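Everything numeric in this text was worked out from a predicted model, so none of it was measured. Atoms within each ligand, like the ligands themselves, are counted from 1 in listed order.
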Amino acid sequence: MQYVSTRGLAAPQSFSEILLGGLAPDGGLYLPVEYPRVSGAELDAWRKLSYADLAFEVLRKFATDIPEADLKALTHKTYTAEIYRNAHSSDDAARITPLRVLEEKDGKKLILQGLSNGPTLAFKDMAMQLLGNLFEYALAKQNAELNIFGATSGDTGSAAEYAMRGKKGIRVFMLSPHKKMSAFQTAQMFSLQDPNIFNIAVEGVFDDCQDMVKAVSNDLDFKARHKIGTVNSINWARVVAQVVYYFRGYLSATTSNDQKVSFTVPSGNFGNICAGHIARMMGLPIDKLVAATNENDVLDEFFRTGVYRVRKSAETYHTSSPSMDISKASNFERFIFDLLDRNAERVRALFAKVETQGGFDLSGKPGSDGDEFRKIEHYGFESGKSIHQDRITTIRDVHAKYGVTIDTHTADGVKVAREHLKPGVPMIVLETALPAKFNETIQEALGQEAERPAGFENIESLPQRFTVMAPDVVQVKKFIAERTGL
Ligand SMILES: *Cc1c(COP(=O)(O)O)cnc(C)c1O
C-alpha cells in the first residue's frame, strides 16, 4: 500500500516511511492511494475476534510493509485488559471498547461506545498507545532515535507521554502553560518519573508554547541534528488506529451485515470522525456519521452550509469541553480530498485560500469555489452543535435516566445524537473521555464529584517532576540539546 499527499506534489511513500512523520513535504496530508475494501465474508469472520486480532486484521490492510507476525505482536502488546483497565468491570476491560445501551424506545436505540479506558482516561490513548509501540519497533529496526517535541493544553500531551514512557530510542519534551491546566491534568503529566519524559512548564499561555514549537520546527538544522519529531493528530498511523473501533462498534451492535448503524462523534480536529469516514469507505455499513461540535462550530457550519470558515484566536471560545476548542480542523483536508474526487490541484487551491482568505465555499452559490456540498449526503455526514447549558442538561439527564455519568465532550455527542436518531438504525455515540477529567463541570451539573477510577484517588499528591521555563526559544533548544547529547 502506497500513500499519496492530498496536495499531489509529494512522492508516494510506504506506511513505514510516513510512520514517524507529520505533513507531507508539499504541505498536504497522506492518504492511501486507494481504500482497501472489506468483504461481507471478512466482516462475518471478524465478529468473533478479540480487539487485538481485529486491530491486526484492519491494520494489515494498511501497514503492508510491516511483517504480519510483527504487526500482530504489536496489536497484542497494545490492546490488553491491563492497559484498558479503567473500564467499569473486568469484562468491559477485556472488550477494550465496550458498548453500553442507554435507551431503546420506538425502534430507536442510543448506545455509548467507551473509548476512554486507557491510561489517560481519554480516547486519544486508543491510537497513541499503538503509536508508542509502532515507533519503538520502527526505531529499533533502523537503530535510530526520536525526540518528540510538542505543546499541550491537556489531553494530547498526556496521551503521548503515557504512550512513550519507558520506550527505547524515544524521548518526549512536552511544553505546557505553567499553572494553566487543571490540577488533575497537571498531576497526570508531571507525576511521571520516567527518565525519557521531560515536562516543561512555560511561564505563559498555550499560544506561547505553540510558538516555541513552531520556532524550533522552522529551524531545520536543529530539527535534523536533534532528530525532532511530533505526534500531532494528522499522523496517519493515529488515524488508522482509530478506524478499528468503528469496526468493533459496528460488529458489537449488529448480528448481520445487512444491518446499519450510525455514529455520533464529538469533534475538534476531525481526526476521530475522519477514521469513521475511512471505515465507511472500506465498506463498513455505516449509515450516518454525525459530527458534534461545541460552541466552536467550524465543522457544524460546513456540514450545514458548505462554507468552511476558520476562526481567529479571538473568535475561538474556551469552553467546558476544551479538547474540542479548535479554530480550524487539521484533518479536514483528508475528507475534502475525497469529496473533490481526489483532485489534488483543487485541494491545493482551496487550502491556499484558507491561508490567505480564511476559508472556502463549496455551497455552489454564485461566486463559490465549487458545488460539492451537494455530495455531502452521499458520504453520510450530518452535524449538530451543543453549548455549555446543553452539556449541563445532558449530563444531568443521562445521570438521572440511566445512572451513567458522562464527561462534557461525550455530552456534546449525546445532545447532538438525540437529534439524529432514526428507527431501525442504532446510534453509537463515541465516549471520548471519562468524567473524572472534567470534574469541575460534573460538580456544576450534578452537585457531586465524578467517580475516579482506581489508582487515581490521590494523583494530585504524588511527587511531580517538571522544569519551569520562560517562553524563550534559545533556552528550550539548550535544554533539548543537553539531554539528547547529539
Ligand atoms: C481530542 C478530543 C476530541 C476531539 O477529537 P478530534 O479527533 O480532534 O476531532 C474530543 N473529545 C476529547 C475528550 C478529546 O480529547
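For ligand 1 and P266, the ligand atoms under 4.0 Å from any heavy atom of the residue are 4 (C), 10 (C). Of all the atoms in ligand 1, the ones that sit under 4.0 Å from a non-hydrogen atom of A433 are 13 (C). Which parts of ligand 1 touch D155 is read off a 4.0 Å heavy-atom cut-off, strictly below it: atoms 13 (C), 14 (C), 15 (O). Within ligand 1, the atoms closer than 4.0 Å to a non-hydrogen atom of M324 are 10 (C), numbered from 1 in the order shown.
Under the 30°/60° scheme for interplanar angles, the aromatic rings of F302 and Y308 are found to stand perpendicular. The aromatic rings of F360 and F351 sit perpendicular to each other, their planes meeting at more than 60°, with 30° as the lower class boundary.
The environment of CD in E34 is sparse: at most 12 heavy-atom neighbours from other residues, nucleotides or ligands sit within 6.0 Å.
Note that OH of Y250 is 13.5 Å distant from CD of Q113, once rounded to the nearest 0.5 Å.
Annotation: N269 places an N or O atom under 3.5 Å from an N or O atom of ligand 1; distance criterion only. In terms of polar-atom proximity, H409 is not counted as a contact of ligand 1, lacking any N or O under 3.5 Å from an N or O of the ligand. The shortest N/O to N/O separation between G271 and ligand 1 falls below 3.5 Å. Polar contact with ligand 1: absent for S267 (N/O pair, distance under 3.5 Å). Polar contact with ligand 1: absent for F123 (N/O pair, distance under 3.5 Å).
With hydrogens left out, the protein atom closest to atom 1 (C) of ligand 1 is K124 NZ, 1.4 Å, a heavy atom. The closest protein non-hydrogen atom to atom 4 (C) of ligand 1 is G268 N, 3.6 Å. In this structure, atom 12 (C) of ligand 1 lies nearest to the protein heavy atom T432 OG1, 3.5 Å. Protein heavy atom nearest atom 7 (O) of ligand 1, with residue, atom name and distance: N272 N, 2.9 Å.
When heavy-atom distances to ligand 1 are checked against a 4.0 Å cut-off, F270 comes that close only through its backbone atoms N, CA, C and O. Counting heavy atoms under 4.0 Å from ligand 1, residue K437 does not touch it at all.
With no hydrogens or angles considered, a side-chain donor-acceptor pair links N296 and N294 at under 3.5 Å. Side-chain contact annotation: D297 with Y317, donor-acceptor N/O pair under 3.5 Å absent.
Considering only heavy atoms from C-beta on, I200 stays 4.5 Å or farther from M174 through its side chain.
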field: Derivation and outcome, ring-ring contact (aromatic ring centres under 6.0 Å, His included), residues F198 and F173
entry: CA-CA 5 Å; F198 299 97; F173 297 90; 4.8 Å; yes

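A donor-acceptor pair is defined here as one N or O able to donate and one able to accept, closer than 3.5 Å; no such pair exists between the side chain of E444 and the backbone of I442.
Cation-pi contact between R342 and Y35: present, with separation from the ring centre below 6.0 Å and deviation from the ring axis of at most 45°.
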